[in-house]
Amino acid sequence: MSHRTALRHNRHARKAAAAVIIAVAALGLTACQDVETDSSSSSPSASASAPQSPAPTAKTQDQAQDSAKGTPSGTPKKSGMKCTNQINYAGDSRSNAEINTIGEDTGYCPPIQKDETSKGTPKKPGMKCTNQINYAGDSRSNAEINTIGEDTGYCPPIQKDETSKGTPKKPGMKCTNQINYAGDSRSNAEINTIGEDTGYCPPVQK
């Protein structure tokens, strides 16, 4: 074999080897792309199987509702004092026991709750309140009373002078210890009950 023939064989061999290497590299690249495609296509199922945040429990929902409600309304209750001794609940339709229980349970003395009848008497159409009701002894003028009736649709309750209620009761003290009721025909128990219920020690009754 001549030198030139040998060189030709070597070139053919190198070309064949290079072709094989390129073919192998191409197969490897295709395999990598297939792997990436499989990974990307499997990602939705992977994300679907990923753990999700747990649904809010009933306790969490209750806490959210409680926080939405906010703090109880009313006046902060003084330590060791009943709400009925701290605030004058005269005119409140609830019993002292109910009011004080609310204070103990919530830590707040509830706002004074007036009965709907405290609005007064429904005003008759075309009639002034002062013609409908006898306001003798009311300190307000007829004009003021009738204006209230026109504005609200109710003739207001007769308003007596505040002094007729008596003396504001001192917290933690019985009326019979606060005022001398000598000569009053009522018993001490009756007088003190009035004081507890209304927040006023009644005037001495001869």
Side-chain angles (χ1 to χ4, degrees), residues 65-79 81-181 183-206:
Q65 289 174 354
D66 290 342
S67 62
K69 290 176 185 175
T71 55
S73 60
T75 305
K77 180 181 172 295
K78 293 179 181 176
S79 179
M81 183 179 286
K82 292 181 178 180
C83 287
T84 50
N85 290 337
Q86 182 177 331
I87 296 173
N88 178 12
Y89 282 93
D92 197 299
S93 57
R94 296 167 294 185
S95 66
N96 284 359
E98 182 181 353
I99 293 167
N100 290 326
T101 298
I102 293 171
E104 290 296 331
D105 290 346
T106 66
Y108 285 79
C109 295
I112 297 171
Q113 192 178 81
K114 298 289 187 181
D115 191 352
E116 281 299 304
T117 57
S118 66
K119 290 181 179 178
T121 306
K123 180 183 172 294
K124 293 179 181 178
M127 183 178 286
K128 291 182 178 180
C129 287
T130 49
N131 292 335
Q132 183 177 331
I133 296 172
N134 180 8
Y135 282 93
D138 196 299
S139 58
R140 297 168 294 185
S141 67
N142 284 0
E144 182 181 353
I145 292 169
N146 290 326
T147 299
I148 293 170
E150 291 295 331
D151 290 346
T152 66
Y154 286 83
C155 294
I158 297 169
Q159 194 177 80
K160 300 289 186 183
D161 189 357
E162 284 295 306
T163 57
S164 65
K165 290 181 178 179
T167 306
K169 181 182 172 296
K170 293 179 181 177
M173 183 179 286
K174 293 181 177 180
C175 286
T176 50
N177 292 334
Q178 183 176 330
I179 296 172
N180 180 9
Y181 282 94
D184 196 298
S185 58
R186 297 166 294 185
S187 66
N188 284 1
E190 182 181 353
I191 293 167
N192 290 326
T193 298
I194 293 170
E196 288 294 332
D197 290 345
T198 66
Y200 285 84
C201 294
V204 177
Q205 195 177 81
K206 299 293 186 182

Taking NZ in Lys77 as the centre, count heavy atoms belonging to other residues, nucleotides or ligands within less than 6.0 Å. Is the count above 12?
yes
Would you give the length of the straight line joining atom CD1 of Ile112 to atom CZ of Arg94, rounded to the nearest 0.5 angstrom?
9.0 Å
Is there a donor-acceptor pair closer than 3.5 Å between any side-chain N or O of Asn96 and the backbone N or O of Glu196?
yes
Does some side-chain heavy atom of Pro171 sit less than 4.5 Å from a side-chain heavy atom of Lys78?
no
So CD1 of Ile191 and CD of Gln178: to nearest 0.5 Å the spacing works out to 12.0 Å
Just by distance, do the side chain of Asn88 and the backbone of Tyr200 share a donor-acceptor pair under 3.5 Å?
no
First locate atom NZ of Lys169, then atom CD1 of Ile194, and finally report the distance between them rounded to the nearest 0.5 Å.
13.0 Å
Roughly how far, to the nearest 0.5 Å, is the SG atom of Cys175 from the CD atom of Glu190?
12.0 Å
Given 3.5 Å as the limit, does a donor-acceptor pair link the side chain of Tyr89 with the main chain of Pro110, or not?
yes
Calculate, to the nearest 0.5 Å, the distance between atoms NZ and OG1 belonging to Lys174 and Thr193 respectively.
9.5 Å
